Protein chains: 4
Amino acid sequence: MPTPTFFRLPDEKRERFVDEAINEFADRSYAEASLSQIVKRVGIAKGSVYQYFADKLDLYRWLLIEEVPRRRREFVGVIDDADTDFWAALETQIERGMAFLVEHPKLARITAAAADPTAHEEVRGLHRAVCQAGEAELERSLERGIRRGAISKDVDPKIAVHFVTAITGPGLTNVVLQELGADLHEILASDELRRKLDPRRRRRLAKQALLLIQRGLGA
Amino acid sequence: MPTPTFFRLPDEKRERFVDEAINEFADRSYAEASLSQIVKRVGIAKGSVYQYFADKLDLYRWLLIEEVPRRRREFVGVIDDADTDFWAALETQIERGMAFLVEHPKLARITAAAADPTAHEEVRGLHRAVCQAGEAELERSLERGIRRGAISKDVDPKIAVHFVTAITGPGLTNVVLQELGADLHEILASDELRRKLDPRRRRRLAKQALLLIQRGLGA
Amino acid sequence: MPTPTFFRLPDEKRERFVDEAINEFADRSYAEASLSQIVKRVGIAKGSVYQYFADKLDLYRWLLIEEVPRRRREFVGVIDDADTDFWAALETQIERGMAFLVEHPKLARITAAAADPTAHEEVRGLHRAVCQAGEAELERSLERGIRRGAISKDVDPKIAVHFVTAITGPGLTNVVLQELGADLHEILASDELRRKLDPRRRRRLAKQALLLIQRGLGA
Amino acid sequence: MPTPTFFRLPDEKRERFVDEAINEFADRSYAEASLSQIVKRVGIAKGSVYQYFADKLDLYRWLLIEEVPRRRREFVGVIDDADTDFWAALETQIERGMAFLVEHPKLARITAAAADPTAHEEVRGLHRAVCQAGEAELERSLERGIRRGAISKDVDPKIAVHFVTAITGPGLTNVVLQELGADLHEILASDELRRKLDPRRRRRLAKQALLLIQRGLGA
DNA sequence: TATGAATGAGTTTTCATTCAT
DNA sequence: AATGAATGAAAACTCATTCAT
C-alpha cells in the first residue's frame with residue numbers, strides 16, 4: 001500500500017504518476033512492465049517510486065485492488081438490485097460495463113489481465129482475490145434472483161456465477177472488440193474508434209447478452 | 001516455424017524438447033518463460049534452440065498455433081456437427097473440452113494465456129490469430145444451427161459466438177477450478193486433484209453450461 | 001565532530017540518537033550501516049542527522065574516537081600503574097576489559113571492527129588512529145615495567161606492545177566467545193548468555209592470559 | 001563453488017579474473033567490493049561473472065575458503081610437528097607466516113578481514129568456519145606439545161589456542177606493519193616497502209614472538 | 001550440427017545527501 | 001531547527017542472442 005508520502009504529494013503530480021503507472025501496467029504484463037519506463041515518462045527520479053511504494057509489486061497491488069476498482073466504481077456507480085428488478089439491474093450493469101470498457105479501456109485491460117493463468121506466483125494470488133470479490137457479489141445477486149422468482153430454481157448459483165461472469169466479462173469484451181475491429185491496445189490510441197461505438201449500438205449489444213442470460217437462467 | 005533440422009531430430013529428443021518447452025510456457029508468461037530453463041531441463045546446449053527455431057517468439061508461436069492445437073485436436077477429436085444434431089455436438093464438445101482441461105492442464109493453460117490483453121505486441125498478434133481461428137469455426141456451426149432451426153433466427157451468430165466461447169472457455173474453466181478448489185498451477189502438481197473430478201461430475205457441470213446456452217440461444 | 005546543535009539537543013533525544021547509532025554500527029559494517037535505519041528507529045527526520053553531523057563518516061568518527069572510548073573509560077576506569085605493581089595493574093585491566101566485553105558487547109564490537117583491514121580508505125585512517133592511541137599508552141606502561149624491573153630488560157616494548165595488545169584484545173575476545181559458545185551478535189540478543197560468564201569464571205580466564213604474558217615477558 | 005565453465009577457462013584468463021577478484025576483496029570489505037569493478041578491470045562483460053559463479057557470495061566463499069588457503073598452503077608449506085620439536089615447528093610457522101604476510105599481503109588481508117565482527121550474516125558464517133579450521137589444527141598441536149613435555153601441564157589448550165593465534169595473527173601483523181611504518185594497503189603498492197623487511201629482520205621479530213609464547217607456555 | 005562462453009542492455013532496488021519549506 | 005521529498009549514482013543480477021569452434 002502507498003506510503004503517507006504518496007498521499008501528501010501535490011494532486012497534479014500524484015495523478016501524473018498514477019496515470020503513467022496505469023499506462024504501463026495496461027500496456028505490458030506485470031513481468032514486462034518496467035518502473036524505469038514509468039519514471040521516465042513521469043519525469044521523476046527512479047528513487048522516487050520507492051518513496052511512494054515499497055516495491056513494484058506493492059504499486060501493482062494498489063492499482064489492481066484499490067485504484068482501478070475505485071475508478072470503476074466511480075464510473076459505473078453502484079447498481080443496487082435490492083430494490084429493483086433483477087433483470088433490470090443486470091441490464092444496467094452490462095450497459096455501464098460496456099461503457100467503462102469503451103471509455104476506460106486501460107483500466108479494463110488491467111482488470112482483464114487478472115485472468116492470465118501464467119503469471120508470477122505472487123501476482124496470481126492478487127488476481128484470484130480480485131476475481132473472487134466480484135464473483136461473491138454476483139453470487140449473492142443470483143441467490144436473491146432465485147428467491148424472488150426471477151431466476152429458475154434449478155440453477156446452481158455457485159456454478160452459474162462463472163457463466164454470467166464469462167459472458168459479461170471476456171464475452172462482452174470480445175464482442176466490443178470485434179465491433180470495433182481492433183484490439184484494446186488500438187482503442188487507447190484512437191478517440192475515433194471510441195466514438196464508433198455509440199450508445200445506441202452499445203445498447204443493442206447489451207440486449208443480446210442480457211437475452212442470452214435471461215433466457216438461459218430465467219424462470 | 002521450426003527449421004528442417006528440428007524435424008530431423010531423433011523423435012525421443014524432439015519430444016523431450018517440446019515437452020519441456022510446454023512445461024515452461026505453461027508455468028510462466030511469455031516474458032518470464034526462460035530458454036535457459038528449457039535447455040537445462042532438456043540437457044542440451046543453449047545454442048541448439050537457435051538451430052531449431054529462429055528465436056524465442058518463433059518457438060512460442062509454433063507451440064501456440066501448431067503444436068498445442070494439434071495435441072488438442074488429437075485428444076478432443078473432430079466433432080462434426082454437419083451430420084448430427086447441433087446440441088448433441090455442442091454437448092460432446094463441452095464434455096471433451098472439460099476432459100482436456102483436466103487431463104492436460106498444461107496445454108489448456110497455454111491456450112488460456114492467449115486471452116491476456118497485456119502482453120508483448122508480437123505475442124498479442126499470435127493470440128488474436130488463435131482466437132479468431134476457433135471463433136470462425138464456431139460461427140459456421142452457429143449459422144448451420146440457425147439454418148436447421150436448432151437456434152433461434154433472431155440470434156446474430158457474429159455476436160453469439162463470443163458468448164458461447166466465453167461460457168465454454170473461461171466460464172467452464174473457472175467452474176472446474178472452483179470445483180477443485182485450486183488454481184491451474186496446483187492441478188498440475190497433483191494427480192489426486194485431477195481424479196477428484198470424475199467423469200460423472202464433469203458431465204453434470206457440462207449439462208449446466210449446455211442448458212444455459214441451449215435455453216439462451218435455442219429456437 | 002558534532003555540531004553545536006547536537007549538544008544543544010534535549011538530553012533524552014540526544015541519548016536515544018546515540019544509542020541507536022551505536023546499535024547500527026555495532027550490527028553492520030561501516031559500509032552497510034544505514035542512516036535510514038537509525039533515523040527510523042529514533043523517530044526523527046533524515047535531514048536531522050545533517051544538522052548534527054557533517055555526514056555519515058563524521059558521525060562514525062565521533063562514535064569511534066570519542067563516544068565509545070568515553071563510555072569504555074567510564075566503565076573500565078583509569079588503571080594507573082604509576083603507583084602500583086605493573087602486573088597487578090595489568091591483571092585489573094584484563095579483568096575489566098573482559099567485563100566490558102560481556103556487559104557492553106555493542107561497544108566492544110565497534111572497537112573490534114576497527115581491526116578490519118578491508119575498509120573504506122577514510123575509515124581505515126580512523127582505525128589506525130584509534131589503535132595507535134591505545135598502543136602508545138601501553139608502550140609507556142611497558143617501559144615503566146622494564147625500568148622497575150617487572151619486565152625483562154631484553155624485551156623491546158615497541159614490539160611487545162603488539163603481542164600484549166593481541167592477547168588482551170582479539171585473544172581474550174575469542175576465548176570469551178568460545179566459552180559462551182556464541183558470536184558477538186548472539187550475545188547482544190541474550191541476557192542469559194551474558195550471565196553464563198560469571199565473575200569467577202572470568203577471573204580464571206583472565207589469569208590464564210596474565211600468566212602467559214607474565215611468564216613471557218616477566219624478568 | 002565455481003562452475004565447470006570457470007575451470008574450463010584458458011589459464012591466462014582465469015588467472016587474470018582471480019587476481020582481480022583478490023585485488024577487489026583485499027581492498028574493500030565484502031559489502032563494498034563490487035563485481036562491476038572486477039569485470040571492468042579484467043575487461044570482460046558483467047554477465048560473465050555469473051557464468052563462473054552463482055553470485056557474489058559464491059565467488060567470495062570460494063576465494064576465502066578454497067583459493068586463498070590453497071595459495072597460502074602452497075607458499076607456507078605444511079609444517080609437520082609430529083616428527084620435530086614443537087618449538088622448532090612453531091618458529092618455522094611464524095617465520096613463514098611473516099614471509100607470507102610480506103610477500104602476499106593481499107591474500108593475508110582477505111584472511112584477516114575474516115576477523116571483522118560487523119559483517120553480513122552470511123559472510124560471518126564463512127568467517128567463523130575459516131577461523132575454527134585453523135584453531136582446531138593448532139589445538140591438536142598444543143595437545144601434542146603438552147604430551148611431549150614441551151608445554152606446561154597446567155596450560156589449557158582450548159584457551160591457549162586463542163592467545164597463540166592472536167600473537168601469531170594480528171599481533172605479528174601489527175608488528176610487521178609498524179616496522180614498515182605503513183598499513184597493508186600501502187604495502188601492496190610498494191615493492192620497496194616489501195624489501196625493507198629483509199629475512200634477517202623478519203627472523204628477529206619472529207624470535208620475539210616465539211620467546212613470548214615459549215616462556216609463557218613452556219614447561 | 002551441436003556446443004557453450006561471451007555479451008550487454010535491461011531490470012529492481014538502496015541510500016547518502018541536498019534543499020526548499 | 002526540523003522536516004522529508006527528491007535525487008541519481010551505483011549495486012547485483014538475468015537472459016535472449018551471437019558466434020567461433
Side-chain angles (χ1 to χ4, degrees), chain A residues 3-6 8-10 13-14 31-39 42-59, chain B residues 3-6 8-9 13 31-40 43-59, chain C residues 3-6 8-10 13 31-40 43-59, chain D residues 3-6 8-10 13 31-39 42-59:
Chain A
T3 60
T5 303
F6 178 69
R8 265 185 244 120
L9 242 35
K13 188 175 188 178
R14 190 177 56 248
E32 286 162 306
S34 139
L35 299 186
S36 305
Q37 275 303 315
I38 296 175
V39 297
V42 180
I44 57 174
K46 244 177 221 172
S48 293
V49 177
Y50 293 86
Q51 302 269 15
Y52 309 151
F53 293 90
D55 52 24
K56 188 184 173 181
L57 183 62
D58 197 38
L59 165 57
Chain B
T3 60
T5 305
F6 178 67
R8 260 183 249 123
L9 241 36
K13 187 177 186 179
E32 287 163 305
S34 138
L35 298 187
S36 307
Q37 274 302 316
I38 298 175
V39 298
K40 198 189 290 174
I44 59 174
K46 233 181 205 166
S48 295
V49 177
Y50 293 84
Q51 305 272 4
Y52 309 151
F53 294 90
D55 53 23
K56 189 184 176 182
L57 182 62
D58 196 39
L59 165 58
Chain C
T3 61
T5 305
F6 178 67
R8 260 183 249 122
L9 241 35
K13 188 176 186 180
E32 286 162 305
S34 138
L35 298 187
S36 307
Q37 273 303 312
I38 296 175
V39 297
K40 196 188 293 171
I44 58 174
K46 233 181 205 166
S48 295
V49 176
Y50 292 85
Q51 305 270 9
Y52 310 151
F53 293 91
D55 53 22
K56 189 183 176 183
L57 183 61
D58 196 39
L59 165 57
Chain D
T3 61
T5 302
F6 178 69
R8 264 185 243 121
L9 241 35
K13 188 174 188 179
E32 286 163 303
S34 140
L35 299 187
S36 305
Q37 275 303 315
I38 297 176
V39 297
V42 181
I44 58 175
K46 243 178 221 169
S48 293
V49 176
Y50 295 87
Q51 302 268 16
Y52 310 151
F53 292 90
D55 53 24
K56 188 184 174 182
L57 183 61
D58 197 39
L59 166 56

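Chain letters run A, B, ... following the sequence lines, proteins first and then strands; every chain starts at 1. For clarity, every value in this text was computed on a predicted model and none was experimentally measured.
Residues satisfying the side chain to side chain contact (heavy atoms under 4.5 Å, CB included) criterion with B:Lys40, sequence neighbours excluded, are B:Gln37. A search for ring pair (Phe, Tyr, Trp, His ring centres under 6.0 Å) contacts involving D:Tyr50 returns nothing, not counting sequence neighbours. B:Lys46 meets the side chain to side chain contact (heavy atoms under 4.5 Å, CB included) test with B:Ser36, B:Val39; sequence neighbours excluded. Partners of D:Asp55 by salt bridge (charged side-chain N to carboxylate O under 4.0 Å, His left out), not counting sequence neighbours: none found.
Of the residues in residues 46-56 of chain C, those lying under 4.0 Å from DNA chain F by heavy-atom distance are C:Lys46, C:Gly47, C:Ser48, C:Gln51, C:Tyr52.
A nucleotide of DNA chain E counts as in contact with chain B when one of its atoms lies under 4.0 Å from a heavy atom; the first and last such, 5' to 3', are E:dT1 to E:dG4.
Atom-to-atom, CG of B:Leu57 to C1' of F:dC15 comes out at 16 Å; the value is rounded to the nearest Å.
Across all non-hydrogen atoms, the minimal contact from B:Lys56 to B:Ala31 is NZ-O, 3.4 Å.
Of the candidates F:dT7, F:dG4, F:dC15, F:dC15 carries the atom nearest the B:Ser36 side chain, counting heavy atoms from C-beta on.
One finds a side-chain N or O of D:Ser34 lying less than 4.0 angstrom from the OP1 or OP2 phosphate oxygen of F:dA11.
Between C:Thr5 and D:Gln37, the residue anchored closer to the 5' end of DNA chain F is C:Thr5, taking for each the nucleotide with the nearest heavy atom.
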request  = Both distances under 3.5 Å, Watson-Crick or G-U wobble: on that basis, could you give the dot-bracket string for DNA chain F, with [ ] for crossing pairs and | for other-strand partners?
outcome  = .||||||||||||||||||||
